[in-house]
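Here is the naming used below: chain letters follow the sequence lines, and residue numbers restart at 1 for every chain. Predicted, not measured: the structure shown is a model, and the values here were computed from it.
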Number of protein chains: 2
Amino acid sequence: MFPVHLPDIREITNFLTGEDPFFLFSGDCLGFLHSLPDSCVDAVVTDPPYSSGGRTSSERTTRSTTAKYQQSDTKRKYVDFDGDSRDQRGYLAWCALWLAECYRVAKPGAPIVVFTDWRQLPITTDAVQAGSWTWRGIAAWDKTRSCRPQRGRFAAQCEFMVWGSKGAMPADRNVGTLPGVFTHPVKSADKHHLTGKPSRLMSDVVQIAEPGAIILDPFAGSGTTLVAAIEQGYRAIGCEWGSENTDIVRNRALEALALKNGGR
Amino acid sequence: MFPVHLPDIREITNFLTGEDPFFLFSGDCLGFLHSLPDSCVDAVVTDPPYSSGGRTSSERTTRSTTAKYQQSDTKRKYVDFDGDSRDQRGYLAWCALWLAECYRVAKPGAPIVVFTDWRQLPITTDAVQAGSWTWRGIAAWDKTRSCRPQRGRFAAQCEFMVWGSKGAMPADRNVGTLPGVFTHPVKSADKHHLTGKPSRLMSDVVQIAEPGAIILDPFAGSGTTLVAAIEQGYRAIGCEWGSENTDIVRNRALEALALKNGGR
DNA sequence: AGACTAGGTGAATCGAATT
DNA sequence: GAATTCGATTCACCTAGTC
């Protein structure tokens with residue numbers, strides 16, 4: 001039996017009412033979201049497990065994420081992660097659950113950005129709407145040709161961001177015009193997680209939030225969203241399952257913070 | 001009453017068995033597809049009406065395409081087109097119909113590329129699969145910032161290509177590696193239809209077909225697919241509803257052909 | 001140079017059920 | 001009981017740009 005680890009509500013309240021730049025919880029995403037109060041965050045930016053690798057159900061469920069997403073001759077090792085083995089219906093149901101909790105926890109008008117790949121893109125648009133969010137568009141992360149080439153096919157060169165808002169988006173939000181395509185090659189030096197996103201990509205994407213916003217990421221992974229949020233002057237609250245990944249996140253966030261404070 | 005105009009099967013057979021570079025039919029898409037024999041085309045590349053403009057059903061159904069997709073202060077006028085007023089379920093059903101006919105008409109292993117915008121992307125992936133095609137990916141057309149900027153939002157900067165194949169795609173197809181993102185700004189000088197695509201975009205996209213292929217476009221619009229196919233050395237067969245648009249297509253195709261033959 | 005890439009395929013292998 | 005079939009699983013290899 002794993003010890004059930006619930007978030008400390010006083011800690012969370014302290015973060016929400018205080019000035020701390022970030023709060024990180026190590027444990028289950030739904031339990032964590034459940035312990036957050038209503039309408040307490042200004043934006044949601046997250047990169048959940050896609051559950052999309054593998055041709056057969058058994059390939060998805062029995063293989064580790066490393067086996068699914070990494071080439072066999074690659075030497076570098078990343079930490080495996082859980083929650084990547086749902087089938088289509090399960091993925092929709094699960095996404096709808098955490099998206100509905102995010103909706104409750106978000107302030108009216110708050111934007112949401114959810115990463116996905118081409119295989120789960122339609123399901124993700126359904127799930128966002130099932131979670132009561134107003135779906136507003138699809139932005140693209142162009143990895144350039146730093147993806148695996150394929151003879152006779154269009155390369156799987158993009159991942160996508162399904163984005164929307166909690167109800168109406170005021171026209172006078174203090175946010176500029178944002179692009180719809182973000183072009184950033186995959187660099188292994190800037191990759192701290194098997195499915196990690198480039199930090200510059202996340203720095204661009206968090207700009208959807210208004211200055212001073214609290215940004216929520218329920219799937220922190222290696223913490224790139226939190227790091228980008230801190231660097232860009234936002235406050236961030238996140239959650240990650242595995243303790244190994246959580247340590248990585250905490251160290252990266254503290255580093256980003258030290259850099260920011262040192263740079264003043 | 002409109003006169004019902006059915007395609008001449010002998011003309012089609014002549015095209016399919018002969019050497020003519022293109023064949024264009026003016027009339028209803030489903031009737032046209034119905035008169036094509038099984039397994040006669042090598043690829044399908046098409047840009048159907050999206051039926052996505054307008055927030056309400058009445059905006060979609062009662063406004064002309066010019067009113068929906070053109071800014072009020074634009075001086076240039078395009079020909080209005082029909083078939084752009086379906087609701088979500090109707091769009092799915094209608095797409096599934098013509099996609100299933102395309103499937104019948106395509107040779108085994110033939111690739112298909114269907115353009116769509118972000119709103120209809122999930123429905124289009126459903127429709128492609130409903131039409132028996134194997135869905136293989138999403139490629140993106142990046143219009144760059146030549147789209148309308150949006151304050152506080154991600155720009156709707158991409159249109160998408162849902163692509164797939166009729167069953168298995170042999171690994172040894174005589175086609176190189178293709179990108180997954182096509183970056184081409186919208187230039188009004190290169191726009192012959194309200195929703196027309198840049199010719200260079202289409203020249204890139206038709207490369208999914210093997211050399212010498214017959215490419216089918218059941219929604220020729222202003223004929224950019226046909227022109228691109230001819231220019232790139234493929235043969236093309238297409239259909240367009242309005243006679244005004246059909247004339248535009250025929251003239252552009254003949255021009256492209258003359259240019260190609262003159263350039264020899 | 002050499003390693004890397006939220007891939008994809010078909011051949012080889014292994015296991016269980018069937019003939 | 002040996003042979004055969006089918007399915008599931010594993011494995012090796014292709015691709016080209018970027019760092």
Side-chain angles (χ1 to χ4, degrees), chain A residues 46-88 91 95 114-121 123-124 140-162 182-202 205 219-222 224-225 245, chain B residues 108-109 111 134-140 163-165 167-183 204 207-208:
Chain A
T46 195
D47 181 22
Y50 299 168
S51 290
S52 60
R55 282 170 295 186
T56 60
S57 143
S58 71
E59 271 190 0
R60 272 193 306 277
T61 51
T62 59
R63 293 164 76 205
S64 71
T65 52
T66 320
K68 274 189 280 193
Y69 303 123
Q70 230 180 5
Q71 260 174 280
S72 49
D73 56 352
T74 305
K75 288 184 187 110
R76 181 155 178 199
K77 288 288 169 238
Y78 295 100
V79 180
D80 266 307
F81 59 92
D82 287 287
D84 194 64
S85 56
R86 295 175 176 89
D87 71 10
Q88 294 262 302
Y91 190 73
C95 284
V114 183
F115 276 84
T116 187
D117 71 353
W118 66 269
R119 276 171 288 212
Q120 302 292 38
L121 177 49
I123 291 260
T124 307
W141 167 33
D142 178 0
K143 309 188 214 185
T144 70
R145 300 298 290 269
S146 65
C147 60
R148 296 189 202 171
Q150 303 268 336
R151 257 187 86 86
R153 298 151 174 271
F154 298 111
Q157 188 175 335
C158 284
E159 286 181 34
F160 301 97
M161 286 154 270
V162 173
F182 299 89
T183 304
H184 296 288
V186 177
K187 292 178 188 167
S188 66
D190 185 25
K191 208 174 142 167
H192 306 266
H193 185 271
L194 182 51
T195 67
K197 305 288 178 278
S199 1
R200 284 192 211 155
L201 166 67
M202 298 317 295
V205 171
F219 304 97
S222 63
T224 311
T225 306
N245 272 327
Chain B
T134 304
W135 176 34
R136 298 204 173 269
I138 297 172
W163 78 277
S165 66
M169 278 189 107
D172 59 353
R173 290 174 69 233
N174 189 10
V175 172
T177 61
L178 300 169
V181 174
F182 300 89
T183 305
D204 288 350
Q207 305 297 330
I208 192 71

Would you classify [X] as touching base, sugar-phosphate or nothing, given that sugar-phosphate means primed atoms plus P, OP1 and OP2, and contacts are heavy atoms under 4.0 Å?
{"X": "P48(A)", "answer": "base"}
{"X": "T177(B)", "answer": "sugar-phosphate"}
{"X": "K68(A)", "answer": "nothing"}
{"X": "W141(A)", "answer": "nothing"}
{"X": "D47(A)", "answer": "base"}

Give the rounded distance in Å between these two atoms: [atom1] of [X] and [atom2] of [N].
{"X": "M169(B)", "N": "dG10(C)", "atom1": "CE", "atom2": "P", "result": "11 Å"}
{"X": "D84(A)", "N": "dA6(C)", "atom1": "CG", "atom2": "C1'", "result": "8 Å"}
{"X": "L178(B)", "N": "dG8(C)", "atom1": "CG", "atom2": "P", "result": "14 Å"}
{"X": "D172(B)", "N": "dT9(C)", "atom1": "CG", "atom2": "P", "result": "13 Å"}
{"X": "D142(A)", "N": "dT18(D)", "atom1": "CG", "atom2": "C1'", "result": "13 Å"}
{"X": "Q70(A)", "N": "dA12(D)", "atom1": "CD", "atom2": "C1'", "result": "17 Å"}
{"X": "H192(A)", "N": "dA6(C)", "atom1": "NE2", "atom2": "C1'", "result": "17 Å"}
{"X": "E59(A)", "N": "dA8(D)", "atom1": "CD", "atom2": "P", "result": "11 Å"}

Report yes if a side-chain nitrogen or oxygen of [X] is closer than 4.0 Å to either non-bridging phosphate oxygen (OP1 or OP2) of [N]; otherwise report no.
{"X": "K143(A)", "N": "dT18(D)", "value": "no"}
{"X": "T74(A)", "N": "dT5(C)", "value": "yes"}
{"X": "Y78(A)", "N": "dT5(C)", "value": "yes"}
{"X": "R173(B)", "N": "dC14(D)", "value": "no"}
{"X": "K191(A)", "N": "dT5(C)", "value": "yes"}
{"X": "R153(A)", "N": "dT9(C)", "value": "yes"}

**Item:** Distance, C1' atom - from dG1(D) to dA16(C), rounded to whole angstrom
**Value:** 16 Å
**Request:** Could you measure between the two C1' atoms, the one in dA1(C) and the one in dA16(D), and give it in whole Å?
**Result:** 16 Å
**Request:** Please figure out whether A168(B) or S188(A) has its closest DNA chain C nucleotide nearer the 5' end.
**Result:** S188(A)
**Item:** Residue met sooner reading DNA chain C from 5', once Y69(A) and R55(A) are mapped to nucleotides
**Value:** Y69(A)
**Message:** Taking the minimum atom-to-atom distance to the side chain of R151(A), which one of dC4(C), dT15(D), dG8(C) wins?
**Reply:** dT15(D)
**Message:** The side chain of K75(A) is closest to which nucleotide in this list: dC4(C), dG17(D), dA6(C)?
**Reply:** dC4(C)
4.5 Å side-chain heavy-atom contact, [X] and [Y]:
{"X": "C95(A)", "Y": "T124(A)", "result": "no"}
{"X": "P48(A)", "Y": "V114(A)", "result": "yes"}
{"X": "S52(A)", "Y": "Y69(A)", "result": "yes"}

**Identified pairing partner of dA12(C), criterion: Watson-Crick or G-U wobble below 3.5 Å** = dT9(D)
**Asked** Any chance CZ of R200(A) has more than 12 other-residue heavy atoms, nucleotides or ligands included, within less than 6.0 Å?
**Response** no
**Message:** Treating R173(B) as the side-chain partner and I208(B) as the backbone partner, does any N or O pair qualify as donor plus acceptor under 3.5 Å?
**Reply:** yes
**Request:** Between P185(A) and D73(A), just flag the one whose closest nucleotide in DNA chain D comes earlier from the 5' side.
**Result:** D73(A)
**Request:** Identify, between R63(A) and G176(B), the residue whose nearest nucleotide on DNA chain D lies closer to the 5' end.
**Result:** R63(A)
**Prompt:** Between the side-chain atoms of R136(B) and the base atoms of dG8(C), is any donor-acceptor pair under 3.5 Å?
**Reply:** no
**Asked** Which heavy atom of Y50(A) sits nearest a heavy atom of E159(A), and at what distance?
**Response** OH-OE1, 2.6 Å
**Request:** Please determine, by modelled atom types, if D84(A) and T65(A) share a side-chain donor-acceptor pair under 3.5 angstrom.
**Result:** no
